[in-house]
Amino acid sequence: MARAYDVQAIERKWQERWAQQGTYQLDPDDPRPPWYVLCMYPYPSGPAHQGHVRNYTFGDLLVRYRTMQGYGVLSPFGFDSFGLPAENAAIKTGEHPRSFTDARIAELKASVLALGAVYDWRREIRSHDPRYMRWNQLIFLRFLEHGLAYRASAPVNWCPGCQTVLANEQVLADGTCERSGDLVVQRDLEQWFFRITAYADELLAELDHLEWPERVKTMQRNWIGRSEGAEIDLPVVGAADGAALRVFTTRPDTAFGMTFAVVAPEHPLLDRLTQPAQRAAVEEIRALAQRSSQLERTAAGDPASLEKRGAPTGSSVLNPFTGQPIPVYVADYVLMGYGTGAIMAVPAEDERDWAFAQAHGLPVVRTTKPPEGFEGGAWTGDGPKINSGFLDGLDVAAAKARAIEWLEAEGKGRRVVHYRLRDWLVSRQRYWGCPIPVVHCPTDGIVGVPEDQLPVLAPDDVEFRPTGESPLARHAGFRHTTCPRCGGPAERETDTMDTFVDSSWYFLRFCDPWAEDRPFDPALAARYMPVDNYIGGIEHAILHLLYARFFTKALVDVGLAPGVPREPFARLFTQGMIRMDGTKMSKSKGNLVAPQKYFETVGADALRLFHLFVGPPTDDVDWTEQTDEVIEHGCGGFLERVWRLCVEPEVASWREGDPEEHDRELLRGAHRLVAKVTEDIERWSFNTAVAACMQFSNDCARYLRTAPGGPHRATLDETLDRLLLVLAPMTPHVAAEAWERRHGPGADIHRMPWPSADPELVRQDTVTLVVQVNGKLRDRLAVPADADEDQVVALALGSPKVLAALDGQQPKRIVARPPRLVNLVVG
RNA sequence: GCCCGGAUGGCGGAAUGGUAGACGCGGGGGCCUCAAAAGCCUCUGCCCUUCGGGGCAUGCGGGUUCGAGUCCCGCUCCGGGCACCA
């Protein structure tokens with residue numbers, strides 16, 4: 001295609017100029033009001049894909065827009081450069097993860113630069129950089145000192161494919177690994193945890209104040225899973241030591257209806273409760289639970305399978321409310337990891353208990369009166385209490401409160417809040433991650449590596465083998481060390497940290513990446529934080545965003561971030577995915593359409609414009625056969641028309657002198673465009689902003705062709721300048737070049753202030769009056785914008801079309817909304 | 001099963017309860033050209049039309065309203081999240 005201008009040359013020119021002039025660098029002493037725009041830093045997997053392009057196009061638009069508005073915009077970029085793919089590549093090819101990763105970073109960075117997105121590259125962070133790792137490790141030690149990091153033996157999710165432990169968050173609902181897809185199994189191992197549960201309440205409560213998509217907030221609320229209820233101690237019948245089974249329930253009001261109790265197969269009291277005659281059956285359930293995957297264990301159970309999955313222990317406990325003994329069962333529908341790992345079963349008011357009771361022939365006692373005509377099993381709704389002694393007649397809420405009061409007064413239970421959220425398992429048995437900076441000493445136990453010895457770096461001379469054992473654990477030189485406290489022989493921790501640790505505070509380091517004596521200067525972090533616009537994919541709705549929120553709070557609390565806001569991201573924007581043939585476009589699916597080919601043909605501006613124009617930014621994008629056409633003709637063609645209009649318009653003769661009415665109308669259009677684009681950017685409606693620009697450039701082209709006596713030069717100049725200014729954040733290269741051609745060498749559109757719209761000019765003098773008869777459109781009339789009710793009604797009744805529609809009938813009612821609408825209601 | 005979204009021309013999508021389909025892609029016709037590409041102009045929801053216009057249209061069925069794509073109730077389908085969490 002013959003192009004109006006040399007796309008590649010001007011894109012290269014301006015990219016070099018932005019880099020060389022440091023236009024988007026922000027110094028710590030910058031006097032402008034700060035604004036922090038951040039795209040989630042990427043895992044460097046090679047050249048950018050369309051998802052990156054979409055993300056950085058939105059981010060870059062905001063960076064340039066806020067800059068033009070006079071903000072000192074903090075726009076940093078970095079790489080989440082630890083992670084499994086590099087290590088897996090090492091196992092396959094022998095290439096060291098560092099050189100592999102650095103090569104991928106170079107590729108990704110090149111395509112980000114080619115997109116024309118601007119960053120303060122002096123602030124670049126790579127999480128595998130020892131200068132970053134050092135502070136990662138220091139934070140770990142501070143967490144350790146403050147009891148926020150701890151080591152515990154726990155049944156953990158072990159992925160046989162990745163040969164490592166996974167966090168709960170990395171196990172999908174069907175029990176498979178989110179990365180490899182293998183079935184995850186349970187193993188008991190010593191692991192490191194972060195005590196995120198200590199922040200459960202705050203993490204939940206502060207969601208209410210964040211300008212985040214409701215969807216994401218709901219997902220986090222569900223994930224935290226707060227539930228209020230009671231713990232009740234059920235004394236074991238015949239226990240000489242007064243042992244009791246502690247259960248958790250959210251329905252203490254139903255306690256009179258408990259007809260049995262159930263413990264999880266892993267429950268510590270199970271051995272004691274199991275009578276000799278039941279031993280074999282209990283062991284079977286226990287073995288079943290152990291070898292079951294999450295999938296089998298949590299699959300919706302029909303009564304038949306529940307029968308197989310539970311067995312009586314032969315022991316009984318006392319219901320403290322009735323004083324009656326009830327049998328204790330073991331069943332794998334009760335999970336050790338939630339509540340107390342034991343429940344009181346009320347089949348009349350709980351679906352699962354109902355199913356289990358049906359399968360095992362256990363009695364049912366209703367304690368809530370179901371509505372008339374209810375014929376189902378468990379009734380979980382509200383109703384008056386029955387069969388419940390002192391609770392009878394109360395509704396559910398009142399009975400809950402009364403039951404808890406009674407339990408606390410009697411010393412038989414207490415009000416308690418439980419969370420679904422678990423502590424964050426951070427240790428990974430892998431090489432390509434940040435080493436956990438502790439030493440295991442036979443005499444001193446766990447000892448943190450002294451801060452002046454950080455960072456602890458993994459040795460390069462390791463062997464990458466697909467055995468699953470960490471290369472660090474096999475490396476004698478790394479592993480054997482001396483205890484920093486007693487000087488005796490000791491072993492280094494060989495686990496590394498979850499890469500989500502790296503991404504939990506990088507946005508704080510961006511505020512002060514030069515700090516050499518601490519992770520960052522709290523005063524600078526307080527200046528820029530919270531991030532004003534955080535932009536990324538919905539896939540991080542739970543994991544990354546929850547961890548980062550936890551970290552920010554914890555960093556304040558351990559003294560590393562005094563004065564820094566406790567919530568890191570004020571406004572979150574989650575962009576849609578790029579899909580192809582109904583599935584997510586991704587490297588693993590092999591359906592990537594690399595941005596590179598567009599850079600080499602239509603250019604970055606056209607591709608950016610496409611991503612802005614294709615639809616609302618939150619929506620998924622379907623990449624179809626039509627897409628190339630839209631990018632090339634729709635977007636690329638538009639930019640060429642803008643170029644011709646602004647740089648080399650074909651004008652037979654210019655008209656001088658005072659502007660006439662049609663000239664003023666063009667100028668009014670330019671002011672309306674500015675108002676519209678400003679408003680649309682503020683509400684993240686980029687697609688309509690682009691549409692407005694297209695429409696207006698069509699108006700300008702028509703004016704150029706049709707203005708009587710030729711276009712009025714001064715008017716057209718002012719008009720086109722405004723068009724270019726609003727395009728500058730969207731298509732920065734062509735806007736910059738066209739601007740320079742119009743205003744001479746050295747003129748830089750990106751240093752211009754964002755234009756304002758004159759309200760006088762935005763206002764319309766004449767508007768279209770719509771006349772309806774019985775709600776149906778019958779005529780359109782041009783009326784003055786300040787026409788009042790009498791005027792519009794008179795005009796409406798004077799319209800021949802309206803009179804024809806009325807067909808002689810008198811309007812029974814006239815609804816007038818001057819100046820835009822009149823509705824005449826007849827018969 | 002529960003909780004969120006969504007459904008508008010051939011396609012992507014516009015539309016504070018007040019002109020449905022902005023803008024763009026695709027398609028038709030025309031200009032330019034020896035011809036084509038590119039570019040430019042123009043038409044383009046469906047049906048009827050005596051070419052003036054008329055009727056029908058925003059997944060389906062009801063309702064509120066002078067007026068509903070928009071609000072309410074009940075469905076269908078699609079997408080996403082959660083799912084023995086006691």
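Only this structure's heavy atoms are used, side chains among them; waters, hydrogens and symmetry mates stay out. Order of the sequence lines fixes the chain letters, A, B, ..., with proteins taken first and strands second; residue numbering starts at 1 for each chain.
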(message) Side chain of A/Asn687, heavy atoms from C-beta onward: which of B/C56, B/C82, B/G13 has the nearest atom to it?
(response) B/G13
(message) At less than 4.0 Å, is any side-chain N or O atom of A/Lys776 found next to OP1 or OP2 of B/C56? Yes or no.
(response) yes
(message) Check this for me: does any side-chain nitrogen of one of A/Arg579 and A/Asp619 sit under 4.0 Å from a carboxylate oxygen of the other?
(response) no
(request) Assign A/Ser227 to base, sugar-phosphate, or nothing according to its heavy-atom contacts below 4.0 angstrom with the strands shown. (result) sugar-phosphate
(request) Tell me which nucleotide among B/U42, B/C66, B/A15 gets nearest to the side chain of A/Val815. (result) B/C66
(message) Distance criterion of 3.5 Å, no angle test: do you see the side chain of A/Gln626 paired donor-to-acceptor with the base of B/C11?
(response) yes
(message) Between A/Glu351 and A/Thr380, is there a side-chain donor-acceptor contact under 3.5 Å, judged purely by atom types and distance?
(response) no
(message) I want to verify a distance call: between B/C56, B/C25, B/C66, whose nearest atom is closest to the A/Asn823 side chain?
(response) B/C66
(message) So A/Arg221, base contact, sugar-phosphate only, or nothing? Heavy-atom distance under 4.0 Å.
(response) nothing
(request) Would you kindly give the CD-to-P distance between A/Gln772 and B/U65, to the nearest whole Å? (result) 17 Å
(message) Both A/Val770 and A/Ala691 contact RNA chain B. Which one's nearest nucleotide lies toward the 5' end?
(response) A/Val770
(message) Angle between ring planes, A/Phe58 versus A/Phe573, binned at 30° and 60°: parallel, tilted or perpendicular?
(response) perpendicular
(request) Let me know the distance between CD of A/Glu632 and P of B/G39, rounded to the nearest Å. (result) 11 Å
(request) Please determine, for the side chain of A/Asn698, which listed nucleotide (B/C25, B/C23, B/A14) has the closest atom? (result) B/C23
(request) Could you pick out which residue, A/Arg251 or A/Ser685, lies toward the 5' side of RNA chain B when each is mapped onto its nearest nucleotide? (result) A/Ser685
(request) Return the minimal non-hydrogen interatomic distance between A/Ala399 and A/Asp253, and the atom names on each side. (result) CB-CB, 3.5 Å
(message) Can you tell me which nucleotide in B/G13, B/C23, B/G26 comes closest to the side chain of A/Met694?
(response) B/C23
(request) From the options B/G53, B/C66, B/A83, select the nucleotide whose nearest atom is closest to the side chain of A/Arg813. (result) B/C66
(message) Over all strands shown, is A/Arg226 touching base, sugar-phosphate only, or nothing at heavy-atom distances under 4.0 angstrom?
(response) nothing
(message) Base, sugar-phosphate or nothing for A/Arg683? Non-hydrogen atoms, less than 4.0 Å.
(response) sugar-phosphate
(request) Based on the glycosidic angle (syn within 90° of 0, else anti), state the conformation of B/G9. (result) syn
(message) On the side chain of A/Arg817, is there an atom forming a donor-acceptor pair with the base of B/G18 - under 3.5 Å, no angle test?
(response) yes
(request) Using the P atoms only, state how far B/C25 lies from B/U76, rounded to an integer number of Å. (result) 40 Å
(request) In whole angstrom, give the distance that lies between atom CD of A/Glu679 and atom P of B/U16. (result) 10 Å
(message) Can you identify which nucleotide, out of B/A86, B/C23, B/G18, has its nearest atom closest to the A/Gln695 side chain?
(response) B/C23
(message) Tell me whether the side-chain N/O atoms of A/Arg641 come closer than 4.0 Å to OP1 or OP2 in B/C40.
(response) yes
(request) Would you mind reading off the distance between A/Asp680 atom CG and B/G13 atom P, rounded to a whole angstrom? (result) 17 Å
(request) Quick one: label A/Gly634 by what it contacts on the DNA or RNA (base, sugar-phosphate, nothing), any heavy atom closer than 4.0 Å. (result) sugar-phosphate
(message) Say we look at B/G55 and B/C3: how far apart would their C1' atoms be, to the nearest angstrom?
(response) 43 Å
(request) Ignoring backbone atoms, establish whether A/Arg420 has a side-chain N or O less than 4.0 Å from OP1 or OP2 of B/A83. (result) yes
(message) Looking at A/Glu539 and B/G80, is any side-chain donor or acceptor paired with a base atom of the opposite kind under 3.5 Å?
(response) no
(message) Side chain of A/Arg215 only, heavy atoms from C-beta on: which candidate in B/G18, B/A86, B/G80 is closest?
(response) B/G80
(request) Select one nucleotide: of B/A86, B/C41, B/G81, the one nearest the side-chain heavy atoms of A/Leu335. (result) B/A86
(request) Could you please name the option among B/U42, B/G81, B/G39 that lies closest to any side-chain atom of A/Arg644? (result) B/G39
